[in-house]
Amino acid sequence: RKEVEQDPGPFNVPEGATVAFNCTYSNSASQSFFWYRQDCRKEPKLLMSVYSSGNEDGRFTAQLNRASQYISLLIRDSKLSDSATYLCVVNNRNQGGKLIFGQGTELSVKP
Amino acid sequence: GAGVSQSPRYKVAKRGQDVALRCDPISGHVSLFWYQQALGQGPEFLTYFQNEAQLDKSGLPSDRFFAERPEGSVSTLKIQRTQQEDSAVYLCASSLGGSSYEQYFGPGTRLTVT
């Protein structure tokens with residue numbers, strides 16, 4: 001079983017839709033949590049960090065539930081430019097900056 | 001400013017050949033990471049440097065893989081006697097240091113072993 005699990009999708013949604021991605025992690029020592037975005041044949045880029053209190057950045061909302069070891073990302077009013085793969089990422093205590101990635105969830109927003 | 005750069009961007013190697021992949025981190029970044037990304041998968045950690053010290057190499061898949069960062073800046077990932085299962089994108093990332101800092105990724109080197 002992988003340490004970070006995501007539904008690989010693809011998620012095909014129309015423009016303007018709201019879409020939610022879920023992720024679970026198995027290591028209770030996980031300390032920091034992120035969502036990265038990766039466009040086709042490009043490098044991953046940090047989308048947002050995820051905090052226990054939940055955090056929002058424009059149309060994007062991230063939530064963390066430490067008790068359930070569950071992370072989510074909500075995208076509202078999706079745009080064509082949101083089409084990408086979204087990677088759920090954790091960093092574990094005492095492992096330096098090493099990032100552990102989920103498989104990624106592919107999103108395709110259609111006109 | 002300049003981001004992380006990697007070279008070559010594409011490499012085709014015959015099975016059994018040795019390859020060397022280069023990473024130029026962002027100037028002043030203390031930490032440097034190598035990841036391997038197979039098709040359809042998320043990146044997987046290979047190794048980590050803090051300055052010139054290799055602090056974690058637990059992700060290197062075999063002793064055919066070797067990484068170095070002799071002067072604490074440029075890093076090279078070497079793969080000896082390449083196998084088909086080594087075909088992947090090799091990503092380098094750098095950060096100011098420690099787990100609190102964002103990692104910035106380079107464009108990757110796409111390695112194909114034939």
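From a predicted model like this one, the values you see are computed outputs, not experimental measurements.
Rounding to the nearest 0.5 Å places CD of Glu102(B) at 5.5 Å from OH of Tyr36(A).
Summarising the local packing, CG of Leu80(A) is surrounded by more than 12 heavy atoms from other residues, nucleotides or ligands at distances under 6.0 Å. Remark: Arg76(A) CZ is packed, more than 12 non-hydrogen atoms of other residues, nucleotides or ligands lying under 6.0 Å away. Open room surrounds OH on Tyr51(A); 12 or fewer heavy atoms of other groups in view lie less than 6.0 Å from it. Residue Glu71(B) places its CD atom among 12 or fewer non-hydrogen atoms of other residues, nucleotides or ligands, all under 6.0 Å distant.
Under the 4.5 Å side-chain heavy-atom criterion for ILVMFWY residues, no single connected hydrophobic cluster contains both Leu74(A) and Met48(A). By the rule that hydrophobic residues join a cluster once side-chain heavy atoms approach within less than 4.5 Å of another member, Phe66(B) and Leu60(B) end up as members of separate clusters. By the criterion of side-chain heavy atoms lying less than 4.5 angstrom apart, applied directly or through intervening Ile, Leu, Val, Met, Phe, Trp or Tyr residues, Val19(A) is grouped together with Val50(A) in one hydrophobic cluster. In this structure, Val4(A) is a member of the same hydrophobic cluster as Phe11(A), with clusters built from ILVMFWY side-chain heavy atoms closer than 4.5 Å. Under a hydrophobic clustering in which Ile, Leu, Val, Met, Phe, Trp and Tyr are joined whenever their side-chain heavy atoms come within less than 4.5 Å, directly or via other members, Phe105(B) and Leu47(A) fall into different clusters.
With a threshold of 4.5 angstrom between heavy atoms, Thr47(B) does not approach chain A through any atom at all. For chain B, the nearby part of Gln38(A) is the side chain; its heavy atoms alone come within less than 4.5 Å. Heavy-atom distances place the side chain of Tyr35(B), and not its backbone, under 4.5 Å from chain A. Looking at Lys45(A), neither its backbone nor its side chain comes within 4.5 Å of chain B, counting heavy atoms on both sides.
When each of Val89(A), Leu87(A), Ile100(A) is paired with Pro43(B), the side chain to side chain contact (heavy atoms under 4.5 Å, CB included) condition holds for Leu87(A) and for no other.
Not one N or O on the side chain of Glu43(A) forms a donor-acceptor pair closer than 3.5 Å with the backbone of Leu91(B).
In terms of the side-chain contact (heavy atoms from CB on, under 4.5 Å) criterion, residue partners of Leu55(B) (sequence neighbours excluded) are, by chain and number, Tyr48(B), Gln50(B), Ala53(B).
A salt bridge does not link Glu44(B) to Lys98(A): none of the charged nitrogens lies less than 4.0 Å from a carboxylate oxygen.
Contacts from residues 102-111 of chain A to chain B, taken as heavy-atom pairs separated by less than 4.5 Å, involve Gly102(A), Gln103(A) in sequence order.
The minimum heavy-atom distance linking Leu99(A) with Phe45(B) is given by the pair O-CB, 4.2 Å.
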